[in-house]
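Notes for the one structure printed next.
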Amino acid sequence: MLKQQTIDRKQFLRLSALAGIGIGIRSSASAMRYKPFAEGKKIGIIGLDTSHAVAFVKSLNGDKPDPVFMGYRVAAAYPQGSKDIPSSVERIPGYTAEVQKYGVVIATSIADLLSKVDVVCLETNDGRLHLEQALPVLKAGKPLFIDKPITASLKDAVAIFKAAEQYKVPVFSSSSLRYINGLNEIVRGDYGKVIGAQTYSPAPLEKTHPDLFWYGIHGVEILFTAMGPGCQSVIRMHTPETDVVAGIWNDGRIGSFRGTRSGKSDYGGTIFTEKQTVTLGSFKGYDPLLKEIIRFFETGKSPVAPKETLDILAFMEAADESKKRNGLPVTLESIYKKANYKASN
């Protein structure tokens, strides 16, 4: 009996030792994966109802993040996104569980989130909530990136930029399609002046948002990245399966966007320049945008001027107005006037 007890004790001690080693190994692995948050580089995410949020967490908090991300990591997230768009609401529990695997703390409110982070990515898929969610971030003085669409109306976007100016906080908003293959060379001027562009993207409709704000914005962002701000008027042709929106710029150039709701979904465009007609390449994923976000957090300087972001929204609202008028031209000036904003600002 004593012998059996001794053997059991030895086995217990051996197993305990092994367990201790195991705990040490797990702790080391955990420490390697979840590195300490660098001072001033803690990112907070508002809205876990979009795949963009998960993609950012994986790139920043993974085992070997790209050095270009400069040590920034997602420290906390507030899950609440859309409250009534089923495709968004249903994602929140799964995406919340996913980011927790990467050491992200789940905040109970935006105020709670702001107490834990230095900068913020507003990722809520529902643009109607962005003004409400952005204001406390700006009041807290935290640099803010707002994913597409910056808002679900031009009026709300104007309010965000006015608040950013009031609180002296930098704001940056962009679709990831601004960084599609081939567009950087266009912007850099490798082919000379852009004389026109035709871009395209999927454009499914969502009843809670103006037509192009929900998804067509991706292709519109490509168009404005190539053409720049300064569109004067818009006409739109609409069918259940397709939208074609053409704009005339203030220097006489013409740019158009084609939004599709049938056939193969794809993104791209043809850019007409002084030296060459350029066909854009494929979508490169979210890391190119994330690199720009990190650079923005470091410098406090947005790579996209507020005027260009506002012109994109005014273009899309003008397209909706043209649709109501059966394709008649609508000026961006008239759209800005409705939003109580002077387009020359």
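Just the heavy atoms: all of them, side chains too, but no hydrogens, waters or symmetry mates, feed the values below.
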Rounded distance (nearest 0.5 Å) linking atom CG of L332 with atom OG of S233: 8.0 Å
If the threshold is 4.0 Å, N to carboxylate O, is there a salt bridge linking R261 and D243? yes
Assess whether a salt bridge exists between E292 and R295, defined as any Lys/Arg side-chain N lying under 4.0 Å from an Asp/Glu carboxylate O. yes
Rounded to the nearest 0.5 Å, the CD atom of E333 sits from the SG atom of C231 at a distance of 12.5 Å
So, R128 and D156, do they make that salt bridge, N to O below 4.0 Å? no
Can T124 and T50 be said to form a side chain to side chain contact (heavy atoms under 4.5 Å, CB included), step by step? CA-CA 7 Å; T124 301; T50 170; over 6 Å; no
Basic-acidic side-chain contact under 4.0 Å: R236, D211: yes
Residues T151 and H130: side-chain donor-acceptor under 3.5 angstrom: no
So T309 and F161, side chain to side chain contact (heavy atoms under 4.5 Å, CB included) or not? Walk me through it. CA-CA 10 Å; T309 298; F161 282 119; 4.2 Å; yes
Whether the T208 and E206 side chains hold a donor-acceptor pair (N or O, under 3.5 Å, no angle test) is what I'd like checked. yes
Members other than V244 in its cluster, when Ile, Leu, Val, Met, Phe, Trp, Tyr link by side-chain heavy atoms under 4.5 Å? M237
Check this for me, if you would: do D49 and R91 make a salt bridge, where the nitrogen-to-carboxylate-oxygen distance has to be below 4.0 angstrom? no
Run the salt-bridge test on D311 and K307 with the 4.0 Å N-O cut-off and return the result as yes or no. yes
Roughly how far, to the nearest 0.5 Å, is the CG atom of L154 from the CZ atom of F213? 7.0 Å
